[in-house]
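Index from 1, following the sequence.
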Amino acid sequence: MMNKMIVGNLVHRPLRSLISIVAIALEVTLILLIVGLCVGMLNDSKARQAGIGADVVVMPPGSAYIVGLTGAPMPIKIRDVLAKLPHVVAVAPVVTNVSAKGTIEVINGIDLKSYESLGGPFRYIKGGPFQGPDDALIDDILARSKKIKVGDTIDILDHKFRVSGIVEPGRGARKFVAIERMQDLIGAYGKASIFYLKLDDPANADAVVDEIKRVPGMETYVASSMAYYLSMMTVNHLPGLSAFIAVVIAISVAIGFIVIFQAMYTAVMERTREIGILKSLGASKLYIVNVILRETTSLAIAGIVVGILISLAARAAIDSRSTLRVVITGGWLLGTTAIAMIGAILGALYPALRAAQKDPIEALAYE
């Protein structure tokens, strides 16, 4: 009987119910997509760094664990010093630069021979290596999302490059140019952003890091094993990212809370006589609260389902049409469901308690 009454109440005001469902769906979508984008981009960057094949990384003093944000402040001649250290098999200097034109992307200036000595040769899907200083390599994900073919001209740092090859993804960046050309483009002659080291055995990484720290003049350089470097690429270790996610969640919850509060409060005011009749027939305060909260729960469940479906559809569209990656895990689905449900119930709690406190005689006399 109660369920029939709840359904009748929701159907009686279809527009208000629809607005409540849409608001909760928006709340869920905001959380899943924005958090999914942050985590997805971070995980993608982490996987591509692991795919380079290095065992140790060396960065300038004061560097954060975000590739591309340090410029190119290190003399490239450091490569010769690092190459002489015990257990070091290969050293690859890389000049990185972040481009915010269109989308944020990291571009790598590489010495092809030393870079391939880290994790093996590039696997070319089409085309081949650089043939000249104005050639570039791109990965398959970028090529498919932007519909770029071998021989096409692309813009990198306001300079025209010919695509000489399309490679399998997962080797650091999505765009590669010759290191000399990158140095020329950013005015960093004889400089590097990061050095990748390949060792005779990855187990010697910590020993090599200690050795680097003992090299005169390199005491303040940031050197770490690749394993440690990747472990630091998390939401909690990147400056401001966890705070940004917390703000997004707070704003999303506020949207759902306000809409549900308004909808349920208005519903209680409109059903004053109905509540009076129920109480005159013996309905307890708990029964009235239960009715209001069950209505809210029904709206919340519908909104959560719609929000999840929209998020999954948006993820598929983003993955197929861009280089961005959205990660929606089971944990975040459960967490977002709990957040949306709690926010909705809190929004309905005051209207429910107000309804339960109504005097049946005054409610029946209400016009």
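Closest approach of I166 and I148 over heavy atoms only: CD1-O, 3.7 Å. Smallest separation of non-hydrogen atoms from L324 and D319: O-OD1, 3.4 Å. Residues I301 and M341 come closest through the heavy atom pair CG1-CE, 3.7 Å. Nearest heavy atom pair, residue L118 against residue Y196, reads CD1-CB, 3.5 Å. Closest approach of L157 and M182 over heavy atoms only: CD1-SD, 3.7 Å.
Legend: residues meeting ring pair (Phe, Tyr, Trp, His ring centres under 6.0 Å) with F195, ordered by chain and number and at least two apart, are absent. A search for side-chain contact (heavy atoms from CB on, under 4.5 Å) contacts involving K84 returns nothing, not counting sequence neighbours. In this view, R321 satisfies the salt bridge (Lys or Arg N to Asp or Glu O under 4.0 Å) rule with no residue, not counting sequence neighbours. Shown here are the side-chain hydrogen bond (donor to acceptor under 3.5 Å, both in side chains) partners of R123, two or more places apart in sequence or in another chain: there are none. For the salt bridge (Lys or Arg N to Asp or Glu O under 4.0 Å) test, residues two or more places apart in sequence or in another chain that qualify with K160 are D155. Residues that satisfy the side-chain contact (heavy atoms from CB on, under 4.5 Å) test with L309, not counting sequence neighbours, are V305.
At a threshold of 4.5 Å between non-hydrogen side-chain atoms, the residues P60 and V222 do not count as touching. Under the 4.5 Å side-chain criterion, counting only non-hydrogen atoms from C-beta, I328 is not in contact with I308.
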Identify every side-chain donor-acceptor pair in residues 25-39 under 3.5 Å, counting partners at least two apart or on other chains, and give the distances.
{"unit_1": "T29", "atom_1": "OG1", "unit_2": "A25", "atom_2": "O", "d": "2.8"}
{"unit_1": "T29", "atom_1": "OG1", "unit_2": "G307", "atom_2": "O", "d": "3.4"}

Distance-only criterion, 3.5 Å: show the donor-acceptor pairs between side-chain atoms of residues 206-216 and protein atoms not counting sequence neighbours.
{"unit_1": "E211", "atom_1": "OE1", "unit_2": "R214", "atom_2": "NH2", "d": "2.9"}
{"unit_1": "K213", "atom_1": "NZ", "unit_2": "Y221", "atom_2": "O", "d": "2.6"}

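Side-chain contact annotation: D55 with H87, donor-acceptor N/O pair under 3.5 Å absent.
Residue pairs meeting the side chain to side chain donor-acceptor pair (under 3.5 Å) criterion with at least one member in residues 163-178, sequence neighbours excluded, are D44-R174, E105-K175, D139-R174. Residue pairs satisfying the ring pair (Phe, Tyr, Trp, His ring centres under 6.0 Å) criterion with at least one member in residues 14-48, sequence neighbours excluded, are absent. Annotation: salt bridge (Lys or Arg N to Asp or Glu O under 4.0 Å) contacts involving residues 193-205, sequence neighbours excluded, are absent.
Of the charged side-chain nitrogens involved, at least one lies within less than 4.0 Å of a carboxylate oxygen, so that R181 and D184 count as a salt-bridged pair. A salt bridge does not link R162 to D134: none of the charged side-chain nitrogens sits closer than 4.0 Å to a carboxylate oxygen.
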Checklist entry - When you look at L312 and I310, which way does the side-chain contact (heavy atoms from CB on, under 4.5 Å) test go after all the steps? => result CA-CA 6 Å; L312 293 176; I310 293 173; over 6 Å; no
Checklist entry - Would I304 and I24 count as a side-chain contact (heavy atoms from CB on, under 4.5 Å) if you check the C-alpha gap in whole Å, the side-chain angles of each, and the deciding distance to 0.1 Å? => result CA-CA 6 Å; I304 289 168; I24 294 173; 4.1 Å; yes
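Ring centroids of F130 and F176 are separated by 6.0 Å or more, keeping the two rings apart.
The aromatic rings of Y115 and F122 lie parallel to each other, with less than 30° between the two planes, well short of the 60° mark.
The hydrophobic cluster containing I258, built from Ile/Leu/Val/Met/Phe/Trp/Tyr side-chain heavy atoms closer than 4.5 Å, also comprises F257, I342, L346.
More than 12 heavy atoms of other residues, nucleotides or ligands lie within 6.0 Å of CE in M218, so this atom counts as buried by the packing criterion.
A donor-acceptor pair is defined here as one N or O able to donate and one able to accept, closer than 3.5 Å; no such pair exists between the side chain of S193 and the backbone of V95.
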